[in-house]
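Note on naming: letters A, B, ... go to the chains in the order of the sequence lines (proteins, then strands), and numbering restarts at 1 for each one. Nothing here was measured: the structure is a model prediction, and the numbers come from that model.
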Number of protein chains: 2
Amino acid sequence: MRQTKRDELVEKATAIFYRNGFQATGMDRLVTETGISKTSIYKHFKTKDDLIIASLQLRDTFIRGWLFRRMEELAATPLEQLIAMFDALDEWFHQPDFHGCMFAKACSEYQDPEHPINREATDHVARISAQLAIIAGRAGLRQPSELARQLALLKEGAVVLATMGRGGTPALDAKAIAIKLINEATPGK
Amino acid sequence: MRQTKRDELVEKATAIFYRNGFQATGMDRLVTETGISKTSIYKHFKTKDDLIIASLQLRDTFIRGWLFRRMEELAATPLEQLIAMFDALDEWFHQPDFHGCMFAKACSEYQDPEHPINREATDHVARISAQLAIIAGRAGLRQPSELARQLALLKEGAVVLATMGRGGTPALDAKAIAIKLINEATPGK
DNA sequence: TATTAGGTGTACTGATCGGTAAACCATGTC
DNA sequence: GACATGGTTTACCGATCAGTACACCTAATA
């Protein structure tokens, strides 16, 4: 089972889409930048949209894997991990190849909620929220799903400001807010 | 001084760009949907990008005008107005023509920070923050500019979740958080 | 009445869009 | 050796892209 070439394509396409946008990236550009012939691309994916969806799926597993692994590396307890999420975000924002949230961009470019690309993107934030709720529950916090929604809101807001804000430290701003929310959600009050 | 036709163009183009995206909207589509000939369009704007910038400027004044006017209508004191912002956002999210933040989309489609469209969009969030800081100062709150940054973060997060979230009440979630932040920033403690 | 400004429609440019056709080439397996 | 698999190159399709050229219309002004 040699999926090598297909995986290579999706991996490179993901980077190009992320850096360049979806609609702004033509198939000819994908050919030249990946070094993979157009015929091969269309042998693996029937349409450009299918390739975009595969890219979003790869990015989804990558980002979630990275984020929650980094949270575990930075903190020992579930409660501290929730706070550490914003430190991980801060690291992400300062990476040279940071270009905002790929899923927010996907929703921007494909607005129709029925469009499979839009669905794939909105699924991502739902998965993040669900995973945060699990950790909040593991930490013994009150109303974990409500808290998870608030933390997801803070995360998305921080990403937007990191992308659109002139300077500032949105990750740390969000962290300060998150600490207050988490303190209030601890059963000991 | 008859700016009528040009204003009509920008107004209609803004609605189309907002509903449809920038790159996804071709000039020919603008011609058919506005009823204004392509020759006229290019007599007023040298390039499509120039028209987009004019649209963003119109949208900027419209949105800021609407938001802060609505805040004043909903609440009497500056302090209550800051909280009322999230009620105004909630109204916006439930309008049938809500399609997310036009400026976030502009940044998504034109990522280069040097691109004038990107600048125009990031300017918008800076203007919102500045205006919030003024109100926070008027309310006598501590560290008004820091609070304004936090409120802007909450606002942007709420908009993203309203666009990408499956259901939920992001505006009210953000409002609950904002109330806590504002309470902590009141000098009486 | 002559001129000018602002508008229109039509037709066009070269480039690029997503996607396809056909012939070819290496690899490994039966 | 036959043959399928997975890849390549090259050329092409019709449609659409942003933007232009040109001739024409109309209304206000001088």
Side-chain angles (χ1 to χ4, degrees), chain A residues 1-57 105-106 108-112 114-118 120, chain B residues 1-56 58 105-106 108-112 114-118 120:
Chain A
M1 181 66 82
R2 245 220 276 159
Q3 279 193 326
T4 317
K5 210 66 178 183
R6 181 196 154 113
D7 292 350
E8 180 194 347
L9 166 61
V10 177
E11 203 168 320
K12 290 182 174 176
T14 304
I16 298 172
F17 282 139
Y18 179 54
R19 178 168 17 100
N20 225 72
F22 299 98
Q23 322 223 41
T25 302
M27 296 305 289
D28 291 314
R29 178 164 184 175
L30 283 180
V31 171
T32 59
E33 286 204 30
T34 62
I36 297 171
S37 68
K38 201 188 277 194
T39 320
S40 284
I41 296 179
Y42 278 98
K43 212 161 275 180
H44 288 298
F45 300 97
K46 276 195 289 189
T47 65
K48 182 189 182 184
D49 284 2
D50 287 347
L51 174 58
I52 291 176
I53 289 174
S55 288
L56 288 176
Q57 288 170 342
K105 285 183 199 165
S108 291
E109 296 197 34
Y110 303 87
Q111 304 199 46
D112 180 7
E114 307 298 322
H115 196 296
I117 293 179
N118 190 295
E120 196 61 43
Chain B
M1 181 67 81
R2 243 219 278 161
Q3 282 192 324
T4 317
K5 210 67 178 183
R6 180 196 155 110
D7 292 349
E8 178 194 350
L9 165 62
V10 176
E11 203 168 319
K12 290 184 175 176
T14 303
I16 298 172
F17 283 138
Y18 179 54
R19 178 168 16 100
N20 226 72
F22 301 98
Q23 323 223 41
T25 303
M27 295 306 288
D28 291 314
R29 179 162 184 176
L30 283 180
V31 170
T32 60
E33 287 204 30
T34 63
I36 298 172
S37 69
K38 202 188 275 195
T39 318
S40 285
I41 296 180
Y42 278 98
K43 211 161 273 180
H44 288 298
F45 300 97
K46 275 195 289 188
T47 65
K48 183 188 180 184
D49 284 2
D50 286 348
L51 174 59
I52 292 176
I53 290 174
S55 289
L56 289 176
L58 177 67
K105 285 184 199 163
S108 291
E109 295 197 36
Y110 303 87
Q111 305 199 44
D112 180 7
E114 306 299 322
H115 196 294
I117 292 179
N118 190 294
E120 196 62 43

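- Per the geometry, CD1 belonging to Ile41(A) stands 11 Å off P belonging to dT9(D), to the nearest Å.
- Residues Leu56(A) and Phe17(A) fail the side-chain proximity criterion, which asks for heavy atoms closer than 4.5 Å.
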For nucleotides 9-12 of chain C, list the nitrogen or oxygen atoms of the protein found under 3.5 Å from its nitrogen or oxygen atoms, one pair per line.
residue	atom	partner	partner atom	Å
dG9(C)	O6	Thr39(B)	OG1	2.5

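- A tilted orientation is assigned to the rings of Tyr110(A) and His115(A), their planes being inclined by 30° to 60°.
- Rounded to an integer number of Å, the gap from Leu9(B) CG to dG7(C) C1' is 13 Å.
- Residues Tyr18(A) and Lys105(A) are in side-chain contact: their nearest non-hydrogen atoms beyond the backbone lie under 4.5 Å apart.
- For the pair Leu51(A) CG and dG19(C) P, the interatomic distance rounds to 10 Å; values are reported in whole Å.
- Taking 4.0 angstrom as the limit, His44(B) places a side-chain polar atom (N or O) nearer than this to OP1 or OP2 of dG7(C).
- In this structure, NZ of Lys48(A) is placed 14 Å from P of dT20(C), rounded to the nearest angstrom.
- A donor and an acceptor atom sit less than 3.5 Å apart, one in the side chain of Lys43(A) and one in the base of dG7(D).
- Within residues 11-23 of chain A, no residue is approached by DNA chain C to less than 4.0 Å at the level of any non-hydrogen atom.
- Closest to the side chain of Ser40(A), out of dG18(C), dG7(D), dG19(D), is dG7(D).
- Side chains of Phe45(B) and Ile53(B) form no contact here, defined as non-hydrogen atoms less than 4.5 Å apart.
- Separating the CG atom of Asp50(A) from the P atom of dG18(C) is a distance of 14 Å, rounded to the nearest angstrom.
- Computed from coordinates, the Glu109(B) CD to dC17(D) P distance equals 14 Å when rounded to whole Å.
- Here dT20(C) presents its P atom at 15 Å from CZ of Phe45(A), a figure rounded to the nearest Å.
- Between Leu9(A) and Arg6(A) there is no side-chain heavy-atom pair separated by less than 4.5 Å.
- The interatomic distance linking Tyr42(B) (OH) with dG7(C) (C1') rounds to 17 Å, in whole Å.
- In terms of heavy-atom proximity, Gly21(A) sits nearest to Gln111(B) at N-NE2, 3.6 Å.
- Put simply, the side chain of Glu33(B) does not reach to within 4.5 Å of the side chain of Thr25(B), judged on heavy atoms.
- The shortest distance between side-chain heavy atoms of Leu30(B) and Met27(B) falls below 4.5 Å.
- Looking at heavy atoms from C-beta onward, Thr32(A) lies out of side-chain contact with Asp28(A) at the 4.5 angstrom threshold.
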